[in-house]
Protein chains: 2
Amino acid sequence: MSVTRSKRQEDARFRVLRLLQQNPELSQRALAEAAGISVGGVHYVLNALIETGLVKLGNFTAADDKRRYAYILTPSGLAEKARLGRRFLARKIREYEALRDEIDTLSTELQGSDVPAQALASGFGRSSG
Amino acid sequence: MSVTRSKRQEDARFRVLRLLQQNPELSQRALAEAAGISVGGVHYVLNALIETGLVKLGNFTAADDKRRYAYILTPSGLAEKARLGRRFLARKIREYEALRDEIDTLSTELQGSDVPAQALASGFGRSSG
DNA sequence: GTGGTATCGTTCGGACATGAACGATCCGTG
DNA sequence: CACGGATCGTTCATGTCCGAACGATACCAC
């Protein structure tokens, strides 16, 4: 809602790329928790990143664990991460403003009822924006 | 991401309930556009609302169009709408704050690169809260 | 009336995405 | 060494949701 599926997937791709740039040896479970998606979802996103050449599998170094991989950003992966980062920021700012407006509207709506909801929403809708 | 599926569906249910309370004779397409979901998605949500007794089908009055329905909130639908409204507001405020933090973080990140992204994000992360 | 166009609610294929599994591997304990 | 339990990447059934259809109905010009 107000966020299409493709936007959400772009968000997921960016978050995974960002996390992997910071630490290529994160597990899929750690990625899932940090990116706010499911384990299967990380696997799904990761496969797409690998197939499009943005990420390649490397050796896990810490204790040569045969189960684990290092997920290394390729040069094009780095470029894509930077590109997505700019789009991501611009989108989040738009979402932020839309959210502020929606909170303001709903807060006003709830003030007409018998619910002390304005206590929750204090500070919204006061400044020019 | 950072928004689970059930949250998104709850958002959709609330938005549809709110729109229908304001105008029960909205078409599914109008509901879709206003709620930011697809036509099929509205149908999906609407069916769930009808099956759980929150909405019932009424007669479309304007020109007794045989294709159309009025989607009328039942008493329990009104109660559920009020309940969801409070949860919705609280959740949106949390999302708002999380979004502000994420924008702030990303804006700082991008300042280290050669991209004038801070122009987009001016005004974030300057005040205390 | 007849034909064309627009919109109605509905359906459907397929893409996502989840949560719970799975086998493989690691590691500590005896 | 053997054995549990924890964790790895992966797979799967299931549910959610979109986008493009569909038939039915309304409207409008002729």
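Reminder, nothing fancy here: chain letters follow the sequence lines and each chain counts from 1.
A:S76 places a side-chain N or O within 3.5 Å of a backbone atom of A:G53 that can act as its donor or acceptor partner.
With hydrogens and angles ignored, no donor-acceptor pair closer than 3.5 Å exists between the side chain of B:R68 and the base of C:dG9.
For B:F88, the ring-ring contact (aromatic ring centres under 6.0 Å, His included) partners are B:F14, not counting sequence neighbours. By the ring-ring contact (aromatic ring centres under 6.0 Å, His included) test, B:F60 is found to be paired with no residue, residues two or more places apart in sequence or in another chain being considered.
Distance B:D11 CG to D:dT16 C1': 15 Å, rounded to the nearest Å. Between the C1' atom of C:dC16 and the CD atom of A:E10 lies a distance of 16 Å, rounded to the nearest Å. Put simply, CZ on A:R29 is 14 Å from P on C:dT18, counting in whole angstrom units. One can place CD of A:Q9 at 14 Å from C1' of C:dT18, the figure rounded to the nearest angstrom. Spacing between atom CZ of B:R5 and atom C1' of D:dG15 amounts to 6 Å, rounded to whole angstrom units. For the pair A:I50 CD1 and D:dG9 C1', the computed distance is 11 Å after rounding to whole Å. The separation between A:K7 atom NZ and D:dG19 atom P is 12 Å, rounded to whole Å. Rounded to a whole Å, the CZ atom of B:R8 is 19 Å from the P atom of D:dG15.
B:Y69 OH to B:L57 CG: the interatomic distance, rounded to the nearest 0.5 Å, is 6.5 Å. Rounded to the nearest 0.5 angstrom, A:L20 CG and A:I72 CD1 are separated by 10.0 Å.
Residue pairs satisfying the salt bridge (charged side-chain N to carboxylate O under 4.0 Å, His left out) criterion with at least one member in residues 22-51 of chain A, sequence neighbours excluded, are absent. Sorted by first and then second residue, the salt bridge (charged side-chain N to carboxylate O under 4.0 Å, His left out) pairs with a member in residues 61-79 of chain A read A:D65-A:R67; sequence neighbours excluded.
A salt bridge (Lys or Arg N to Asp or Glu O under 4.0 Å) with B:E102 is found for one member of A:K92, A:R91, A:R18 and no other, namely A:R18.
A sub-4.0 Å separation between OP1 or OP2 of D:dC8 and a side-chain N or O of A:Q28 is absent.
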Name the pairs: protein N/O against N/O of nucleotides 23-29 of chain D, kept only if under 3.5 Å.
from, atom 1, to, atom 2, distance (Å)
D:dT25, O2, B:R67, NH1, 3.2
D:dA26, OP1, B:K66, N, 2.8

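Classification of B:E97 and B:R100 as a salt-bridged pair fails, no side-chain N sitting under 4.0 Å from a carboxylate O.
Contacts of residues 38-48 of chain A with DNA chain C (heavy atom under 4.0 Å): A:S38, A:G40, A:G41, A:Y44.
The side chain of A:Y71 sits closest to D:dG9 out of D:dG9, C:dG9, C:dA17.
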